[in-house]
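As structure tokens, the structure follows; a few thoughts come after it.
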Amino acid sequence: MPKVVIANDHGAVELAVTLTEYLKKMGYEVNHLGTTTEDSVDYPDMALAATTEFKKGGYEFGILLCGTGIGVSISANKVDGIRCALVHNTYTAQMAKRHNDANFIAFGGRVVYREEVEDILDAFIDATFEGERHQRRIDKIMALENRN
Ligand code: RB5
């Protein structure tokens, strides 16, 4: 069974439930590390929890959620090895995999999307990394981690 790790802050409790249920229905094992209440938590802690778990291995990808998706994606992209894409629609979700080989996808629980979030997630899941020139660019992204 493919595995996904998901974490959210208080800004995306409902969206976390929606996506967790959807993924389970799709046959995924979902490891939910996010909060389940509206009590305020800090999104960098959620990003750290999910990315740390992902890096243990065995996960197909990870999902991070906060009010906008911005805070969790900024945080996750500070973690070595993580490429977290804050996607807006099925097009950007698909391209996040095809060109950027993203291993995390981020959404905002307070964002109004023009497409169903499940469809956006599907576009990411169904896409395949194209390699070739995109691999060269990914290598350059990852090399940025060793610059300092
Ligand atoms: C929390 O209020 C909010 O700032 C957070 O969920 C997120 O939107 C940050 O980027």
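Start at 1 and go down the list; that is how both ligands and their atoms are numbered. For the single chain, residues carry numbers from 1 onward in sequence order. None of these values were measured; they are calculated from a predicted model.
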Just jot down the ligand 1 atoms closer than 4.0 angstrom to any heavy atom of H10, in number order. 1 (C), 2 (O)
Atom 3 (C) of ligand 1: which protein heavy atom is closest, and how many Å away? R110 NH1, 4.0 Å
Please determine if G69 has a nitrogen or oxygen closer than 3.5 Å to a nitrogen or oxygen of ligand 1. no
Applying the side chain to side chain contact (heavy atoms under 4.5 Å, CB included) test to V117, which of L65, V111, V87, L19 qualifies? L19
Any side-chain heavy-atom pair of K3 and Y28 under 4.5 Å: no
Nearest-contact summary for atom 10 (O) of ligand 1 - protein heavy atom, Å: G71 N, 2.9 Å
Say whether I120 and L86 are linked into one hydrophobic cluster, either directly or through other cluster members, by side-chain heavy-atom distances under 4.5 angstrom. no
Neighbour count above 12 (heavy atom, 6.0 Å) for Y113 OH: yes
Compare all side-chain heavy atoms of D122 with those of M26 and state whether any distance is below 4.5 angstrom. yes
Is there a side-chain contact between E130 and H99 (heavy atoms, below 4.5 Å)? yes
Per-residue contact class, D9 against ligand 1 - non-hydrogen pairs under 4.0 Å: side chain
Who's the nearest protein heavy-atom neighbour of atom 4 (O) of ligand 1, and how far? Y43 CE2, 4.3 Å
Top protein contact for atom 8 (O) of ligand 1, by heavy-atom distance: T68 N, 3.0 Å
Taking only non-hydrogen atoms of G67 and a 4.0 Å limit, the atoms of ligand 1 in range are 5 (C), 6 (O), 7 (C), 8 (O)
What residue and atom, counting heavy atoms only, is the protein's closest point to atom 7 (C) of ligand 1, and at what distance? C66 SG, 3.3 Å
Residue among V5, I125, I6 satisfying side chain to side chain contact (heavy atoms under 4.5 Å, CB included) with F61: I125
